[in-house]
Amino acid sequence: MGRSGTLDQRPAWTREQLSEALGESALRLIATIAKRAHAENIAIYLVGGVVRDLLLERENLDLDFVLEGDAIAFACKLARIYGGETERHAPFGTAKWKLDSAAISNLSLGSEAIPAQIDFATARTEEYPAPAALPAVEPGLIWQDLRRRDFTVNALALRVEAGSCPWQMLDPGDGYSDILGKKIRVLHAQSFIDDPTRIFRAFRFASRFGFTIESSTADILHAAIPMIQRLSGERIRHELDLILREKYPERIIADLSELDIFSQIHDSFLIGMRSTGQLKRLREHMPQMPGNADDIARLGWHLLFSSIAEDDALLISARLGLTGDLSNSIAGFARLLSKVDWLGAPATKASAITRFLDGVSATALRAALICNVDDHAVKERMESYMADWRHRRTTIDGNDLIRAGLAPGPIYREILDKLRGAWIDGEIESGEQERELFLKLVKEAK
Ligand code: CTP
């Protein structure tokens, strides 16, 4: 725990402790923001994940501020004084302040890590017009803003004050006790009905922190599961994407699957042991794999579909509003998995495999490799394709076909494809042999 404290006495941090937890630069940045708010006579609070993670002693520099005042005007003012850009969302009264190098220099921050952007929101109350709909928001007080939040452990705020520490902690749901007791608990019984994305969030946070979902919260969560059907594909996609970026995504996916949550998204969205097993494999292979967090999440998306046929994969992708590119890639992955026996069969020619795999994305191929690491024949062929076959080119091209007097048409592609296939299958091994075969094919075509 960041600071010793008893249940009825919320912890408070000294300046030194905050500097150690957040870094001197981030703390200086917070102090500058606090000073500005003070000058404007606005109460300002650090809220949500960063406060929770201070208590959990987990690194987190996602600075979210709530103001009892106009957050957009405040962020714009900071940008006018110190530089950087703002991105504003008027309907929700929120703004991002994006720090550029000029702002960092004007703020005289040190070399330690600072966030690239800072979020400001006007304290608000929320009214949900219908289950799973986006809320109508009204300006409110910090207490109201905290009470509308998902879980007690996220409904925490620190009142940051210019110059003085320790800062007071606001904790209307007794999230501090839940952090000590390792519980995910909602603040009110309507929480999952208002916002069923919280069902995904509950399992995500529980897994990340090693917490359990408190029993009455679990009851209302179970009752709200059918509400997932009302969520837009985009909101579900966002939640799944966040899950795939967690440390142990397969555990969260298994928890959700056990409650039949995927079938609420789409009837054919079946997640079996196969998908969770492959996600586990992905995690185990991650250290050896090239790629950033986006690449790994993209692979995760493919593996989530390990038990799903191509047609269904396309329907589910449409429900989730996946991009055309990702959806096609996942469809290719499903097609590839359905052809694994053919790929590994001794009679299947390298050229046929190449032709087939040329129609599959590199990510689909990597995902299929993860699924088939134990099948030596398949693995070897996919690796040969990646390292060798796919790079093979003919020396003869379209110009040679024109010179040979062949009328242009689909026959050009067929001949070039046969020549490439002959190289890949080892039927020809020199330019001379390629020309011989070329002349033979042209003669047959004429
Ligand atoms: N929030 C909420 N209901 C949601 C989403 C968010 O009440 N469906 C609130 C929570 O209080 C959360 C805050 O908005 O702490 C910020 O949301 P987000 O950035 O998603 O949460 P973090 O707690 O910062 O999560 P993470 O650590 O994954 O960034």
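Order of listing sets the numbers, starting from 1, for every ligand and every atom in it.
- Look at K96 and E87 and you find no salt bridge, because none of the NZ, NE, NH1 or NH2 atoms lies under 4.0 Å from a carboxylate O.
- Taking every non-hydrogen atom of T197 and a distance limit under 4.0 Å, the qualifying atoms of ligand 1 come out as 8 (N).
- For the pair F209 and D53, the minimum side-chain heavy-atom distance is below 4.5 Å.
- In terms of protein heavy atoms, atom 10 (C) of ligand 1 is closest to D150 OD1, 3.3 Å.
- D62 OD2, 4.0 Å is the protein heavy atom nearest to atom 29 (O) of ligand 1.
- In terms of protein heavy-atom proximity, atom 16 (C) of ligand 1 is closest to D64 OD2, 4.2 Å.
- The only member of L107, L61, L99 that meets side chain to side chain contact (heavy atoms under 4.5 Å, CB included) when paired with I114 is L99.
- Heavy atoms of F205 come nearer than 4.0 angstrom to ligand 1 in at least one pair.
- Applying the side chain to side chain donor-acceptor pair (under 3.5 Å) test between R185 and each of D178, T152, D174 identifies D178 as the sole match.
- Distances below 4.0 Å separate heavy atoms of R204 from the following atoms of ligand 1: 28 (O).
- Between D374 and R281 a salt bridge is recorded (basic side-chain N to carboxylate O distance below 4.0 Å).
- Of the listed options R52, R245, R198, R148, R198 places a heavy atom closest to atom 3 (N) of ligand 1.
- Scanning the protein heavy atoms around atom 9 (C) of ligand 1, the nearest turns out to be R149 NH1, 3.8 Å.
- Compare R208, E239, R201 by their heavy atoms: the one nearest to atom 5 (C) of ligand 1 is in R201.
- Looking only at distances, no side-chain donor or acceptor of E246 sits under 3.5 Å from a matching main-chain atom of Y248.
- Under the side chain to side chain contact (heavy atoms under 4.5 Å, CB included) test applied with F200, the options I252, L242, I236 reduce to a single match, I236.
- The shortest N or O to N or O distance between D195 and ligand 1 is below 3.5 Å.
- Numbered from 1 in the order shown, with element, the atoms of ligand 1 that lie under 4.0 Å from a heavy atom of G48 read 15 (O).
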